[in-house]
Amino acid sequence: MKFILKNWFNFFSKNRNSNSSVILKEDFIDPVTGRHCLDRLYEQFAKPQVKGLFEPDAPSIYINHKIGQKVLGDYIIDQVFEDKKTGFYAEGRLPLKANQPPVLVIRGYGSWYPFYRVIEDTPDVFIASWEGQLKSAEKKGAIAWLKHHTQQGQKPDMIGESLGGKVAQQIVIKYSDYIRSTVTYNSLGISPELAKTTGINNIFHYFTLGERYAFWANRGGYLPGYCFQISKRGMNWVYKIENKIIAKAKLSDIKNHVKSRNLSQLFWVFIAQIILLKRHNDIILNCRSPVVDIINLNQLQNI
């Protein structure tokens with residue numbers, strides 16, 4: 001009961017940046033938690049997963065699928081959009097269930113299966129204002145796909161993790177009329193100027209407790225919307241130990257560690273990077289009893 005009351009209070013707090021009176025009318029909002037009703041499924045779509053990595057019907061966007069292929073979650077791949085010059089990759093997926101919307105899933109940094117272009121360097125990761133992948137989405141037909149299904153009376157959802165979340169925000173700013181809702185997971189930021197855009201409803205940001213990669217990558221801003229802090233068990237003893245390891249690694253001083261060839265310190269850097277990478281990509285909402293709190297966008301740097 002305490003958790004429900006806390007979330008309802010935050011849901012209607014003055015720090016809300018979205019128009020709640022409009023959003024509450026949408027059928028994809030959980031009336032108790034304020035979460036997107038499909039956020040558990042969309043997390044599986046948006047994030048890389050070791051489990052099922054070599055299963056062709058696994059739902060992760062980090063596995064390249066073929067048109068016509070069915071993936072878990074009862075969706076079929078309708079279109080694939082790819083631009084190798086910018087690293088843009090997205091899939092238009094159609095539901096096999098009548099009560100679910102079409103969804104555009106945008107991939108983040110690189111591919112995990114079959115492991116090609118995994119560490120490809122794309123400036124879209126590091127420069128908040130760069131819109132190369134947005135232009136690729138326009139050029140390769142992803143926007144036309146959104147428009148087509150909207151005109152057919154099936155306005156799609158759009159989701160993305162990390163870099164994919166950044167691109168999703170850039171797209172919804174220009175093409176909000178074609179998008180039912182936008183859901184991001186540990187998204188990178190967009191340019192601070194664009195982040196001030198108002199009047200766009202139905203934006204959902206999910207950030208893992210202790211997430212840091214999203215903020216280090218480009219130090220951009222985020223579109224106003226619903227913001228959630230998620231974790232498997234909250235600030236338990238495991239989380240606290242991990243934070244001590246991260247602090248011990250002194251990641252802000254990596255250059256000096258390398259220059260001095262301090263092997264002991266580099267060991268802690270390695271362990272800390274694994275912890276942070278796991279936090280960035282970990283499947284959380286699909287775990288048993290995850291801890292989910294509504295927070296304000298201004299709190300992001302403190303989680």
I'd like to check Ile230 versus Leu285 (side-chain heavy atoms, cut-off strictly below 4.5 Å). Are they in contact? yes
Is the closest side-chain donor-acceptor distance between Glu138 and Tyr175 under 3.5 Å? yes
Would a distance-only check, ignoring hydrogens and angles, find a side-chain to backbone donor-acceptor pair under 3.5 Å from Glu211 to Tyr213? yes
Let me confirm one number: the OG-CD distance from Ser129 to Glu193, rounded to the nearest 0.5 Å. 8.0 Å
Run Gln49 and Tyr62 through side-chain hydrogen bond (donor to acceptor under 3.5 Å, both in side chains) and show every step you take. CA-CA 8 Å; Gln49 300 152 57; Tyr62 287 86; over 6 Å; no
Would you confirm whether Gln151, through its side chain, and His148, through its main-chain N or O, come within 3.5 Å as a donor-acceptor pair? no
What closest approach, in Å, do Pro101 and Asp157 show between heavy atoms, and which atom pair accounts for it? CG-OD2, 3.3 Å
Minimum heavy-atom distance Gln133-Thr86, with the two atoms named: NE2-O, 3.0 Å
I would like to know whether Leu188 and Phe215 meet side-chain contact (heavy atoms from CB on, under 4.5 Å); could you show each step before the answer? CA-CA 7 Å; Leu188 303 186; Phe215 311 123; over 6 Å; no
Please round to the nearest 0.5 Å and tell me the distance separating atom OG1 of Thr197 and atom NZ of Lys174. 12.0 Å
Output for pair (Ser136 OG, Phe81 CZ), nearest 0.5 Å, gives 12.5 Å
Please say yes or no: joined through hydrophobic side-chain contacts below 4.5 Å, possibly via intermediate residues, are Leu72 and Val80 part of one cluster? no
Taking the side chain from Thr208 and the backbone from Arg279, do they hold a donor-acceptor pair closer than 3.5 Å? yes
Can you name the closest pair of heavy atoms from Gly165 and Ser187 and give their distance? C-OG, 3.0 Å
What is the minimum heavy-atom distance between Leu276 and Ile246, and which atoms define it? CD2-CD1, 3.7 Å
Would you name the heavy atoms of His36 and Ser181 that are closest together and state the gap between them? NE2-OG, 2.9 Å
I'd like to know if Asp282 pairs up with Lys232 as an ion pair, taking the criterion as any Lys NZ or Arg NE/NH1/NH2 lying under 4.0 Å from an Asp or Glu carboxylate oxygen. yes
Do Glu43 and Ile283 have side chains that approach each other closer than 4.5 Å (heavy atoms only, starting at C-beta)? yes
Knowing that exactly one of Phe204, Phe28, Phe207 qualifies, which makes a ring-ring contact (aromatic ring centres under 6.0 Å, His included) with Tyr226? Phe204
For side-chain contact (heavy atoms from CB on, under 4.5 Å), just list the numbers for Thr150 and Asp177, CA-CA rounded to whole Å, side-chain angles, deciding distance to a tenth of an Å, and then say yes or no. CA-CA 8 Å; Thr150 296; Asp177 289 344; over 6 Å; no
Keeping the roles fixed (side chain from Asp293, backbone from Gln229), state whether a donor-acceptor pair exists under 3.5 Å. no
Distance only, no hydrogens: is a donor on one side chain within 3.5 Å (strictly under) of an acceptor on the other, for Gln69 and Asp57? no
Is there a side-chain contact between Ile171 and Ile106, using heavy atoms and a 4.5 Å cut-off? yes
Hey, could you give me the CD1/NE2 distance between Ile76 and His65, rounded to the nearest 0.5 Å? 12.0 Å
Keeping Asn218 on the side-chain end and Gly189 on the backbone end, is there a donor-acceptor pair under 3.5 Å? yes
Between Ser162 and Asn186, is there a side-chain heavy-atom distance shorter than 4.5 Å? no
Which atom pair, heavy atoms only, marks the closest approach of Val172 to Gln169? CG1-O, 3.3 Å
So, do Leu104 and Glu91 sit near enough that their side-chain heavy atoms are less than 4.5 Å apart? no
Hey, does the Lys NZ or Arg CZ of Arg35 hover above the aromatic six-ring of Phe228, less than 6.0 Å from the centre and inside 45° of the axis? no
His280 and Arg212: side-chain contact (heavy atoms from CB on, under 4.5 Å), yes or no, with the steps? CA-CA 8 Å; His280 188 69; Arg212 287 293 177 267; over 6 Å; no
Under 6.0 Å from the NZ atom of Lys139, do we count more than 12 heavy atoms belonging to anything else shown? yes
Before you tell me yes or no, could you show the steps for Leu146 and Ile179 under side-chain contact (heavy atoms from CB on, under 4.5 Å), namely the whole-Å CA-CA distance, both residues' side-chain angles and the distance that decides it to 0.1 Å? CA-CA 7 Å; Leu146 292 169; Ile179 299 163; 4.2 Å; yes
Gln170 side chain to Trp130 backbone, donor-acceptor under 3.5 Å: yes
So CD1 of Ile284 and OG of Ser231: to nearest 0.5 Å the spacing works out to 6.5 Å
Separation between CG of Asn243 and OH of Tyr239, rounded to the nearest 0.5 Å: 4.0 Å
With a 4.5 Å limit on heavy-atom distance, are the side chains of Lys248 and Ile271 in contact? no
I'd like to check Arg180 versus Asp27 (side-chain heavy atoms, cut-off strictly below 4.5 Å). Are they in contact? yes
Is any side-chain heavy atom of Val103 less than 4.5 Å from a side-chain heavy atom of Tyr42? yes
Does Arg107 make a cation-pi contact with Tyr89 (under 6.0 Å, within 45 degrees of the axis)? yes
